[in-house]
2 protein chains.
Amino acid sequence: MYFPPMTHTATKTPAHPARGDARLALLDAALALVRRQGWAATSIDQLCRTAGVTKGAFFHYFESKEALGVAAAHRWTEVTTPLFENAAYHRHADPLARILGYLDFRVAIVQGPLEAFTCFAGTTVQETYAASEAIRSACGACITDHAARLEEDFEAALRKYRPRAAVTAESLALYTQTVLQGGFVLAKAKGNAGPLLDGIAHLKRYLQFLFKARSTS
Amino acid sequence: MYFPPMTHTATKTPAHPARGDARLALLDAALALVRRQGWAATSIDQLCRTAGVTKGAFFHYFESKEALGVAAAHRWTEVTTPLFENAAYHRHADPLARILGYLDFRVAIVQGPLEAFTCFAGTTVQETYAASEAIRSACGACITDHAARLEEDFEAALRKYRPRAAVTAESLALYTQTVLQGGFVLAKAKGNAGPLLDGIAHLKRYLQFLFKARSTS
DNA sequence: TGACACATACCTACCGGTTGGTATGTACTT
DNA sequence: AAGTACATACCAACCGGTAGGTATGTGTCA
C-alpha cells in the first residue's frame, strides 16, 4: 500500500469525537502520525491527544500498542483500496494501458508534504519486522493485497503481448511496489518527491520495453 | 548506501573495549541495532550495553542521540565505501558490464538475516526525515554519495551506447538505489530476500533494454 | 629522570519527564 | 438493569540527558 489521504473519512478529527468514533479517530491518528514520525516515535499518549480521546478509550479498543498497529494496517488497506478502485484508469480496455494509467495516477497523487503520499505499511514494517511478527505480516498483507490487484492486469498484459522475457505477473506487480517504496525512501532522503517521480518514469519505460517488444508499435 | 557488514572493522565488539575504542564501539553498535530495530526503538542505554561502555562514555563523544545518528551515517559510508571499492566488478573495461557487475555484487552479498544486508541510511531516514534535518541530510548524503560512484559508470555507458531514450546518468544511478531501497522494504514486509533479488533482476533487464537497444548485440 | 600540570577518556549516580499499561469509576444506550 | 463506551488516576520501568568524580595518559621543565 502506498498512497493515502491525510484527510480522513471522518473529514476532520474533532477535539472530542462523538461516542462510538474513538476507535476510528485513533486509527486515523495513527496513520497520520506514523507516516510523519515513524512507529516507535509515535506514543499512545500522542495518539490519544491527536484523536481527542483518553487512554481509557485507547485500551478499551486495543489491548496493546501492537494491536493498534495491526488494526491500523487493516485500516490503511480499507482507506486506500477504494481510492484506487474508483480511479479512472480502470476504464482502459488494454491491460497495459491500465497499468500505465495506475502509474500515472500515482504521479497525480504526489502532492503536498511527503507524509501525504508515502506509505504507512512500508514505513511501519521497516521498524517492526524483527520486533513484531503480527505487525510485520499485517503490513506485508497491505502491500501484497495491493499488488494483487495489479497482478490481474499484468496477467492479462502478459497473455496479450507475450513478451520474450520470462517474467511472471506476480513478480512484475511486486516490482512496481518495490519501485514505489524505494521512491518513498529516496524522496524522504532527498527531501522532495523528485526521485519518486523519476523512479516511476523509469518503471514505465521498462514496462514499455518489456511489452512493446512484440506489440503493435 | 545499502549493504553492510554486520561484523565490524574491530572484528567483534568486546564486553569492554580498550581505552579509546568506545566511540567506534558505539557507532558500530548503532549500525547493528538500528538496522534491526529502527532508530527510535534503539535507546542510548541499549547502545551502551551493546558497546560495553557506560552512558558517561556516550556523552563524552556525542552531545546527543541526534549527534550519534549523524556520526553513524558517516560511519556507514566509511564502512561500506571500501566494500564496494574493492569489489572485482570494477575491473570490467565496459562501463555497462561494471554496472551489471555492481548489481551482481549486490546479489552476492544478500546473505544471512535481513539486518545483515539492509541499509542503515534508508532505515534511519524513513523515521527521522521530519524530525531531524541533521540526520536526514547525513543519511541523504550516504545514499547520494554512493549513487555518485555509479553515476560515473552510467555517464560512460551513456556515451558509449547512446541509447534512444533521454535519460541522465544521475537519474539512472538514483534509480538503482530506488530499486535497492524498495527491495529492502519489500524483503522486510515479506520476511525474505526474494523481492529484493527479483527487483535487481528486473532492473538488470531494464538496463539491458535501455543500452542494448543500439548496442552490438 | 622525575615530578608536576593538564587533558583525555571514561564511570557512577542521579534527574525530571515520558513510556506502555492497569485499575477503577461513571455516563450513556438499549 | 446491564452492557458498552468511555474518563480519571495511577504505576513501575525506562527515556534522554546531566553532574561530578576517577583513571590514564602526555607534554614540560628542572
Side-chain angles (χ1 to χ4, degrees), chain A residues 10 13-30 33-34 36-73 75 124 127-128 130-135 138, chain B residues 10 13-30 33-34 36-73 75 124 127-128 130-135 138:
Chain A
T13 314
H16 291 286
R19 189 179 172 85
D21 290 353
R23 192 188 128 94
L24 213 61
L26 282 164
L27 255 13
D28 287 343
L33 290 175
V34 171
R36 196 183 322 143
Q37 315 171 347
W39 170 255
T42 300
S43 71
I44 295 178
D45 279 330
Q46 193 185 6
L47 248 15
C48 293
R49 257 176 286 143
T50 304
V53 302
T54 62
K55 233 173 201 181
F58 183 100
F59 284 100
H60 174 68
Y61 286 107
F62 311 105
E63 71 170 9
S64 63
K65 191 189 177 188
E66 183 183 32
L68 177 271
V70 173
R75 173 78 181 144
T124 304
E127 289 183 63
T128 56
S132 167
E133 172 59 21
I135 297 183
Chain B
T13 313
H16 291 286
R19 190 180 172 84
D21 291 352
R23 192 188 128 93
L24 213 60
L26 283 164
L27 254 13
D28 288 342
L33 291 176
V34 171
R36 196 183 322 144
Q37 315 172 345
W39 170 255
T42 300
S43 72
I44 295 178
D45 280 328
Q46 192 184 8
L47 247 14
C48 293
R49 256 176 290 148
T50 303
V53 303
T54 61
K55 233 173 199 183
F58 184 99
F59 284 100
H60 174 70
Y61 287 107
F62 310 105
E63 70 170 12
S64 63
K65 192 189 177 188
E66 182 183 34
L68 178 273
V70 172
R75 174 77 182 143
T124 304
E127 288 184 63
T128 57
S132 168
E133 172 60 21
I135 297 182

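Every heavy atom of this structure was used, including side-chain atoms; hydrogens, water molecules and symmetry mates were not. Letters A, B, ... are given to chains in the order of the sequence lines, protein chains preceding strands, and every chain is numbered from 1.
One N or O on the side chain of A/Ser64 and one on the backbone of A/Ala67 form a donor-acceptor pair closer than 3.5 Å.
In terms of heavy atoms, A/Leu26 sits closest to A/Leu47 at CD2-O, 3.9 Å. Summarising the geometry of B/Thr50 relative to B/Ala29, their closest heavy-atom pair is CG2-CB, 3.9 Å, with the distance given to 0.1 Å. A pairwise comparison of heavy atoms in A/Gln46 and A/Ala41 identifies OE1-O, 3.8 Å as the closest pair.
B/Phe58 comes within 4.0 angstrom of nothing in the nucleic acid, heavy atoms only.
In this structure, the CG atom of A/Leu68 is 10 Å from the P atom of C/dG20, given to the nearest Å. Rounded to whole Å, the distance from CG on B/Asp21 to P on C/dA9 is 11 Å. To the nearest angstrom, C1' of D/dC6 lies 7 Å from NE2 of A/His60. The distance between atom CZ of B/Phe62 and atom C1' of D/dG17, rounded to the nearest whole Å, is 15 Å.
The CZ atom of A/Arg49 lies 13.0 Å from the OG1 atom of A/Thr54; values are rounded to the nearest 0.5 Å. Taking CZ of B/Arg36 as the reference point, atom OG1 of B/Thr42 lies at 9.0 Å (rounded to 0.5 Å).
Taking 4.5 Å as the limit, every side-chain heavy atom of A/Tyr61 sits out of range of all side-chain heavy atoms of A/Leu27. Between B/Phe62 and B/Val70 there is no side-chain heavy-atom pair separated by less than 4.5 Å. Residues A/Phe58 and A/Val53 form no side-chain contact, since every pair of their non-hydrogen atoms from C-beta on lies 4.5 Å or further apart. Counting heavy atoms from C-beta on, the side chains of B/Arg75 and B/Leu24 come closer than 4.5 Å.
In the set C/dC11, C/dT22, D/dC6, C/dT22 carries the atom at the smallest distance from any side-chain atom of A/Phe59.
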Checklist entry - What does nucleotides 14-19 of chain C look like as a protein-contact string, B for base, S for sugar-phosphate only, - for none, at under 4.0 angstrom between heavy atoms? => result -----B
Checklist entry - Going 5' to 3' along nucleotides 25-30 of chain C, which nucleotides have protein heavy atoms under 4.0 Å from the base (write B), which only from the sugar-phosphate (write S), and which from neither (write -)? => result --BBS-
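The overall bend of the helix from C/dT1-D/dA30 to C/dT30-D/dA1, read as the angle between its terminal helix axes built from five base pairs each, is 0° when rounded to 10 degrees.
For the side-chain hydrogen bond (donor to acceptor under 3.5 Å, both in side chains) with B/Ser132, the qualifying choice from B/Glu127, B/Lys65, B/Glu66 is B/Glu66, the only one to do so.
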